[in-house]
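Here is the structure we will look at.
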Amino acid sequence: MSATRPLSVPDLPTQYAPAEVEAPLYERWVQRGYFTADVDSTRPRFAMVLPPPNVTGSLHIGHALGHTLMDVIVRRKRMQGFDTLWLPGMDHAGISTQTLVERHLAETEGKSRHDYTREEFVAKVWAWKEEYGGKILGQMRRLGDSVDWTRERFTMDEGLSVAVRTIFKKLYDDDLIYRAERIINWCPRCLTALSDIEVDHSDDDGELVSIRYGDGDESIVVATTRAETMLGDTAVAVHPDDERYRHLIGKQVRLPLTNRRIPVVADEQVDPTFGTGAVKVTPAHDPNDFEIGQRQHLPNVVMMNERGIITVPGPFEGLDRFEARSAVVAALREERRIVAEKRPYRHAVGHCSRCETVIEPRLSLQWFVRVASLAKAAGDAVRDGRTTIEPASLAPRYFEWVDNMHDWCISRQLWWGHQIPVWYSPDGDVVSLGPGEEPPPGWTQDPDVLDTWFSSALFPFSTLGWPDETADLKRFYPNDVLLTGYDILFFWVVRMMMFGLYAMDDVPFRTVVLTGLIRDQFGRKMSKSKGNTVDPLDWMDAYGTDALRFTMARGANPGTDVPVGEEWVAGSRNFCNKLWNATRFALLNGATVSGELPRDLAGADAWIVSRLQAVIVEADDLYERYEFAKAADLLYHFAWDEVCDWYVELAKISLAGPRADVTRRVLGEVFDALLRLLHPIVPFVTETLWTALTGGESVMLAPWPAADASRGDAAAEAEVAGIQAVVTELRRFRSDQGIKPSSRVPARLAGLSSGEAEIRALGRLDVPGTHFVATAVLTTAGGVTVEVDLSVDAAAQRARLTKELAAARQEREVNTAKLANEAFVAKAPAAVVGKHRGRLAAAEADIARIEAALSGLQ
RNA sequence: GGGCGCUUAGCUCAGCGGGAGAGCACUCGCCUUACAAGCGAGGGGUCACUGGUUCGAUCCCAGUAGCGCCCACCA
């Protein structure tokens with residue numbers, strides 16, 4: 001089929017084939033520039049931030065969720081007439097990319113990065129990025145992301161690098177960036193510093209050993225989970241008020257296994273109720289101990305290297321930290337220094353979030369962002385509503401974080417990334433230089449690179465041209481919406497808030513929409529070890545992109561995790577197919593979309609148009625409030641239960657009659673609107689169907705549906721509800737009686753004010769012949785009686801009626817009791833009391849009707 | 001140790017002061033001329049437990065028991 005010609009009816013087979021339409025449609029959208037923002041547009045703008053995926057990444061199910069929901073937002077805004085910008089980009093992902101390329105070099109060339117100069121290695125990473133990176137961009141196309149490809153950016157490209165250097169210098173000049181020797185989180189495998197949030201804590205089994213330091217009267221017992229670090233101990237600390245140890249304060253005790261003597265110091269930080277109330281102090285290898293060491297002016301003894309290998313001369317030298325732990329405990333036991341052991345001992349242990357290696361607190365010289373004022377501003381912006389967090393229930397997490405933030409360690413001992421724009425003179429002078437500024441001859445640049453999140457934090461404005469006052473920056477900053485998983489609230493959202501407010505003096509976005517995480521069909525977290533991960537591309541291949549997208553949207557209640565299973569995607573595929581065939585029906589029957597919709601609608605036509613107005617209002621509201629699951633569910637049920645199951649069936653009757661033209665116009669109206677309402681979620685199938693139905697260029701260019709309140713028609717809704725009640729009753733009767741759908745039952749109808757033709761058609765009733773004998777009478781709750789001529793299975797009918805009678809009696813009892821309660825009648829709202837009176841009356845009428853029918857069966 | 005949340009049909013989840021809902025699964029019957037990726041009918045729940053507030057509680061409050069998530073430098 002041609003990508004440029006609207007489909008004609010014979011082109012529509014009975015099954016939707018997504019594979020045939022998706023790729024050509026996407027290319028057509030891109031080529032025609034539908035996704036491209038127009039900086040000169042006079043329309044209002046809508047800008048949304050895309051969380052830039054890792055350049056090394058590939059589309060996983062979490063992306064599928066986030067990208068689907070973002071695309072839903074932006075496609076609707078576009079149809080609403082906004083000039084939209086959804087700017088795509090990728091993140092250079094420092095550690096993971098470098099690790100990947102190092103592994104690649106090891107496998108293909110058997111070399112490590114240290115076999116190359118830094119420049120050579122970085123060149124290889126760039127080459128790798130060009131060749132293998134960015135696979136995810138193609139996958140975003142597959143998913144249908146309506147991003148503005150003309151503005152695609154990369155966090156390491158020239159413009160963004162300028163932004164990084166500019167803000168670094170500004171922060172440095174404002175004394176918000178500093179260099180200091182601190183205990184930082186060090187990964188002995190990645191060989192780099194990490195920030196606090198790149199460390200995952202888990203409760204691991206370890207050991208707690210109590211060791212006697214010193215000898216005789218001047219001895220003291222300390223407890224530790226890290227016996228090996230005693231080699232770097234420079235004190236024992238006790239609480240100043242602890243009577244047990246007062247006599248030892250200021251004295252020296254001998255450190256076992258060494259010839260060193262270390263002081264006993266008093267420090268408020270020690271908890272006298274924990275363990276023995278005495279703690280060994282290793283300032284170079286523990287953050288708490290470092291603080292004690294600073295206060296007590298203790299020396300720092302470094303006892304292991306960057307790979308976690310013991311460097312203290314002696315029997316333990318060369319052992320790795322875990323081997324050393326056992327060896328040290330064994331040696332202490334030999335000397336009868338171990339006075340207690342607890343094993344296993346569960347305690348929190350930090351792991352590298354990338355490689356799971358146990359983190360080593362390490363004393364080293366690193367760069368930090370002084371976050372206090374920045375975090376305060378980020379918190380205030382949410383507190384005073386300049387930025388809102390959706391759902392609001394997740395805001396406390398944000399505040400908890402910004403209100404308790406530690407300074408951010410931003411230097412990484414890697415080669416791939418933005419090299420820290422600071423130069424040192426041979427004499428040790430330091431200067432930070434902005435873009436274009438050259439260091440004096442002989443000065444050398446700091447070898448470290450910046451944390452990847454440093455550049456990601458600039459994404460909402462660096463991508464728009466900052467620090468230049470570009471037209472894009474003026475038009476699209478601040479962005480309107482950021483949508484992302486709650487798992488990166490701290491990594492990224494908080495930091496964008498801090499830097500956006502700092503650099504632009506305005507929030508980076510007005511609304512943060514937080515989504516949950518994908519889980520499997522049993523609600524379990526997806527993980528490779530559980531083997532329950534899924535590849536969204538497999539599901540797109542099997543069921544189509546729209547099926548995947550609809551599944552994502554339908555599961556996405558605000559802030560809650562989203563369980564998905566293959567059966568659910570299949571169900572969504574079925575829904576797309578239902579839309580396909582229903583629209584196909586409309587086309588086969590000459591549905592029209594041009595011309596004013598007639599005012600004098602009647603019956604089913606008036607009903608469905610009335611319902612459509614209500615659905616438009618409700619769907620629009622749900623979309624606006626990011627209630628994706630409820631919007632999807634509403635449209636699913638309107639389309640399937642009302643349009644397909646009832647309206648299409650009723651329209652078949654009208655299409656054979658004198659008002660066929662009106663019905664053709666209503667069919668066109670309903671499907672036109674329905675497809676537009678669904679387009680943000682399922683863009684491909686709706687585009688295919690809408691262009692076929694309307695002959696229009698693209699549903700993307702069609703206006704977002706607006707409800708017309710004057711089309712509301714309560715009378716028509718009541719009329720159709722009456723028809724539905726009788727038809728359902730008839731179908732139940734037929735089912736109970738085992739009457740095949742293909743056989744028509746002669747019947748006489750009475751008590752109807754309208755809708756006889758519809759009831760006859762949907763109930764598959766024949767007009768009575770000359771020999772008609774009423775063998776059974778059905779009287780519906782609405783007072784309609786249907787006499788049929790066929791041999792009735794009285795037992796089946798009695799069973800049915802008996803059951804209905806029981807239900808009606810129960811209903812009568814409940815309402816009788818309620819109305820007999822004087823307090824209820826006196827205090828409940830009149831409307832509620834009236835409602836129960838009505839229910840009681842209806843129950844009594846039902847009982848009378850059913851009892852009569854039962855006696856008629858005898 | 002702090003903070004937040006959850007417990008509703010077999011599974012996954014909506015609902016959150018006045019008649020228990022959806023999808024999937026299940027049972028029965030159907031190729032009824034848009035669709036078998038479908039159509040029609042049906043079965044299935046003391047809404048975790050115990051108290052309280054209320055004329056009325058799945059919904060509000062308190063407690064209990066499970067479960068989950070986030071944060072945290074207690075050796």
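Just so it is clear, the values below take in all heavy atoms, side chains as well, and ignore hydrogens, waters and symmetry mates. Just so we're on the same page: letters track the sequence lines, and every chain starts at 1.
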Dump every N/O contact between nucleotides 20-28 of chain B and the protein below 3.5 Å, one line per pair.
residue : atom : partner : partner atom : Å
rA22(B) : O2'  : H637(A) : NE2          : 3.2

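- More than 12 heavy-atom neighbours from other residues, nucleotides or ligands sit within 6.0 angstrom of CD on E649(A).
- Taking the C1' atoms as reference points, rC59(B) lies 9 Å from rG15(B), given to the whole Å.
- At least one side-chain heavy atom of R837(A) sits less than 4.5 Å from a side-chain heavy atom of V825(A).
- L801(A) places its CG atom 14 Å from the P atom of rG42(B), with the value rounded to the nearest Å.
- Donor-acceptor pairing under 3.5 Å is recorded for the side chains of N815(A) and E811(A).
- Side-chain contact between V564(A) and D520(A) is absent, with no heavy atoms from C-beta onward closer than 4.5 Å.
- Remark: P of rA34(B) and OH of Y647(A) are 15 Å apart, rounded to the nearest angstrom.
- Applying the Watson-Crick and G-U wobble criteria (two distances, each under 3.5 Å), rG45(B) pairs with nothing in any strand.
- Atom CD in Q810(A) sits roughly 11 Å away from atom C1' in rG19(B) (whole-Å rounding).
- Residue K740(A) places no side-chain atom within donor-acceptor reach of the base of rC30(B), judged by atom type and a 3.5 Å distance cut-off alone.
- Distance check on atom C1': rC24(B) versus rG18(B) gives 31 Å, rounded to whole Å.
- Taking the six-membered ring for Trp and thresholds of 30 and 60 degrees, F575(A) and Y636(A) have ring planes inclined between 30 and 60 degrees apart.
- At a cut-off of 3.5 angstrom, counting only N and O atoms as typed in the model, there is a donor on one side and an acceptor on the other between the side-chain of R573(A) and the base of rA37(B).
- On the P atoms, rA57(B) is 13 Å away from rC47(B), given to the nearest whole Å.
- Pairing for rC13(B) goes to rG21(B), judged as Watson-Crick or G-U wobble with the two contacts each under 3.5 Å.
- Taking the side chain of K630(A) as heavy atoms from C-beta on, and the options rA14(B), rA34(B), rC55(B), the nearest nucleotide is rA14(B).
- K818(A) has no side-chain polar atom (N or O) that falls below the 4.0 Å cut-off from OP1 or OP2 of rC55(B).
- Looking only at atom types and distance, the side chain of Y486(A) has a donor-acceptor partner in the side chain of D561(A) under 3.5 Å away.
- Distance check: Q15(A) CD to N581(A) CG gives 8.0 Å after rounding to the nearest 0.5 Å.
- Comparing rG19(B), rC55(B), rA41(B) by their nearest atom to the side chain of H836(A) picks out rG19(B).
- Taking atom CG of residue L765(A) and atom C1' of nucleotide rU32(B), one finds them 13 Å apart after rounding to whole Å.
- Residue E649(A) is classed as a base contact, given a heavy-atom separation below 4.0 Å to a base.
- Counting non-hydrogen atoms under 4.0 angstrom, R800(A) reaches the backbone sugars and phosphates but no base.
- rC55(B) sits 32 Å from rG45(B) when the P atoms are compared, rounded to a whole Å.
- Here D645(A) contributes atom CG and H637(A) contributes atom NE2; the two are 11.0 Å apart, rounded to the nearest 0.5 Å.
- Both Q15(A) and N557(A) lie close to RNA chain B; mapped to their nearest nucleotides by heavy-atom distance, the more 5′-ward contact belongs to N557(A).
- Counting non-hydrogen atoms under 4.0 angstrom, T583(A) reaches nothing in the nucleic acid.
- Distance check on atom C1': rU27(B) versus rG44(B) gives 11 Å, rounded to whole Å.
- To the nearest whole angstrom, the two C1' atoms, one in rA25(B) and one in rG10(B), are 7 Å apart.
- With a 3.5 Å ceiling on both atom-pair distances, rU58(B) lacks any Watson-Crick or G-U wobble partner.
- Using N1 to N3 plus N6-O4 or O6-N4 for Watson-Crick, or N1-O2 and O6-N3 for G-U wobble, each under 3.5 Å, rA37(B) pairs with nothing.
- Nucleic acid contact for C576(A): none, since no nucleic acid atom lies under 4.0 Å from a heavy atom of the residue.
- K652(A) comes within contact range of at least one nucleobase, with a heavy-atom separation under 4.0 Å.
- Across all strands shown, S743(A) has no heavy atoms under 4.0 Å from either base or sugar-phosphate atoms.
- Between E813(A) and T816(A), the side chains place no donor N or O within less than 3.5 Å of an acceptor N or O (distance only, hydrogens not considered).
- Counting any heavy atom pair closer than 4.0 Å across all strands shown, P361(A) reaches no nucleic acid atom.
- Contacts of N589(A) with the nucleic acid, taken as non-hydrogen atoms under 4.0 Å apart, are absent.
- Across all strands shown, R731(A) has heavy atoms under 4.0 Å from sugar-phosphate atoms exclusively, and none from any base.
- Shown are I262(A), V281(A), T282(A), D233(A); of these, the side-chain contact (heavy atoms from CB on, under 4.5 Å) with L298(A) is made only by V281(A).
- rG21(B) and rG63(B) have their C1' atoms separated by 30 Å, given to the nearest Å.
- Close to rC39(B), at under 4.0 Å from its OP1 or OP2, lies a side-chain N or O of K578(A).
- P396(A) comes within 4.0 angstrom of no nucleic acid atom, judged by non-hydrogen atoms across all strands.
- Rounded to whole Å, atom C1' of rU53(B) lies 12 Å from atom NZ of K827(A).
- For the OP1/OP2 pair of rG40(B) and a distance below 4.0 Å, the side-chain nitrogens and oxygens of R732(A) include no atom meeting the criterion.
- Here the side chains of V786(A) and F733(A) are not in contact, with every heavy-atom distance at 4.5 Å or above.
- In this structure, R584(A) atom CZ and rA34(B) atom P are separated by 9 Å, rounded to whole Å.
- For the pair F671(A) CZ and rC35(B) P, the computed distance is 14 Å after rounding to whole Å.
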Quick one, R226(A) with E360(A), criterion salt bridge (charged side-chain N to carboxylate O under 4.0 Å, His left out). Give me CA distance, side-chain angles, the key distance, then yes/no.
CA-CA 11 Å; R226(A) 300 208 55 195; E360(A) 191 58 46; 2.8 Å; yes
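- With RNA chain B read from its 5' end, the first of the two nearest nucleotides for Q521(A) and S742(A) is the one closest to Q521(A).
- One interatomic measurement links the two molecules: CZ of R744(A) to P of rC30(B), which rounds to 18 Å at whole-angstrom precision.
- Side-chain atoms of K525(A) and N532(A) form no donor-acceptor pair, as typed in the model, at a separation below 3.5 Å.
- Remark: rG5(B) base-pairs with rC67(B); criterion is Watson-Crick or G-U wobble with both hydrogen-bond distances under 3.5 Å.
- The gap from the C1' atom of rU8(B) to that of rG40(B) amounts to 28 Å, rounded to the nearest Å.
- Among the nucleotides rU32(B), rU12(B), rA34(B), the one closest to any side-chain atom of N581(A) is rA34(B).
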Base contacts versus sugar-phosphate-only contacts with protein, heavy atoms under 4.0 Å: please encode nucleotides 65-75 of chain B as B, S and - from 5' to 3'.
----SSSSBBB
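- Relative ring orientation between F824(A) and H836(A) is described as perpendicular, the plane-to-plane angle rising above 60° on a 0-90° scale split at 30° and 60°.
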